[in-house]
J.: 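One structure coming up, written as structure tokens, with questions to follow.
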Amino acid sequence: MRNKPKKKLAILGSTGSIGRQALEVVRSCPGLFSLEVLSAKNNASLLVEQALEFEPNAVVIGNEKHYQEVSDALSSLPVKVFSGKKALTQIMEYTSSDLVLTAMVGISGLEPTISAIKNGRNIALANKETLVVAGHIITRLAREKGVNIYPVDSEHSAIFQCLAGEFHNPIEKIYLTASGGPFREHSLNELEKVKKEQALKHPNWEMGDKITIDSATMMNKGLEVIEARWLFGLKPPQIGVIVHPQSIIHSIVQFEDGSMKAQMGLPDMKLPIQYALGYPERIKSDFERFDFLNYPKLTFEQPDSKRFPCLGLAYKALEKGGNIPCVLNAANEVAVEAFLNNRIGFLQIPEIIGQCMEKIEFIDNPNLEDILQTNRKACSLANELIEQKAVNPH
Ligand code: MG
């Protein structure tokens, strides 16, 4: 790749876990990438630090309160500074990124991703919620614009890697692997009492808070089932989930002749990030290599739908379609936040989501405005339900 021009990147959500690891990849591959845009919602000091090191053409700080701080700190550099909710959506028109890494949290990634696709930018998608809430809009738009969406989620990267050279062969089924999270062996009684500190300790992966709680409830796997439906054009029965506590096999494709291909390696998000940024080429790395003898047993279990109802709720949302996956996602975002603030218990997360899915009006084939409105309605209903349930933390 040495003689090629540098690939121009925009990293949306550069101060989060995926964003920081993406910048580690960029740092370790001198000559391959240049930065067009970095963006953060609130973490102004880290954004400034990153901008001083990588000298992007522009930075966006979402929270306008931090605009002056960022602008002052970068005044000696030719870095344009923007702020506010609309800035991220508008900046896709002005900058010439080859690839946009979407690494924001939750539905906030939706409109910037749509703008990036409209402007013909390829997407490295880490913000799975975008596909969960509006997969039909995003995939249709990407087809129209000839834009590629490269998965960053490790399971979907695994499927994508297994499909290399197989694009003319139909998929019979895929299996997304799940670690089972920190509560894999907890009873229902124990789950009732778990605290956020326990939920935030993931056994295998280092990730942001929201996704770590989603892993503990297995909603993360549910969101990934919906994400896979859109990325690979599958029907719900073609998407299986298998618990694999060692997180070495990252996912599996089964073809029509019964053959299965799996992608494996040590659990490290830098690998799928680097694969998406470097695609179609694999970039040489010094990441730690897998040693078979450190893992003499790779084991597999059926996910338990009684203790982890979020996975079942996600399949239900996928079957129903329309705006229901958006309801699922919105209620989950609000419930996870409430759990992180010690306002509700762990098992109330799926209760609140289930109730919202029952109560919000169904819309078939929703447009973007329907999605945004569903999101607002589901968030406010979830908040009401939490008010009713909220326990006094003392
Ligand atoms: Mg994943």
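Every number for a ligand or one of its atoms is a count from 1 in the order of the listing. Note that the coordinates shown come from a computational prediction; the quantities given were computed from them, not determined experimentally.
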J.: What is the total of protein N/O/S atoms that are closer to the Mg ion (ligand 1) than 2.8 Å?
T.: 3
J.: Per the salt bridge (Lys or Arg N to Asp or Glu O under 4.0 Å) rule, what does the pair list look like for residues 129-148, sequence neighbours excluded?
T.: E129-K210
J.: Any salt bridge between K316 and E358, counting N to O under 4.0 Å?
T.: yes
J.: Quick one, I11 and V37 - any side-chain contact, counting heavy atoms below 4.5 Å?
T.: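 No; the side chains remain at least 4.5 Å from each other.
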J.: What class does the angle between the rings of Y279 and F160 fall in, given that below 30° is parallel, 30 to 60° is tilted and above 60° is perpendicular?
T.: tilted
J.: Applying salt bridge (Lys or Arg N to Asp or Glu O under 4.0 Å), which residue pairs with at least one partner in residues 363-386 are found, sequence neighbours left out?
T.: E369-R376
J.: Please identify each residue that fulfils salt bridge (Lys or Arg N to Asp or Glu O under 4.0 Å) with E155, with sequence neighbours left out.
T.: K221
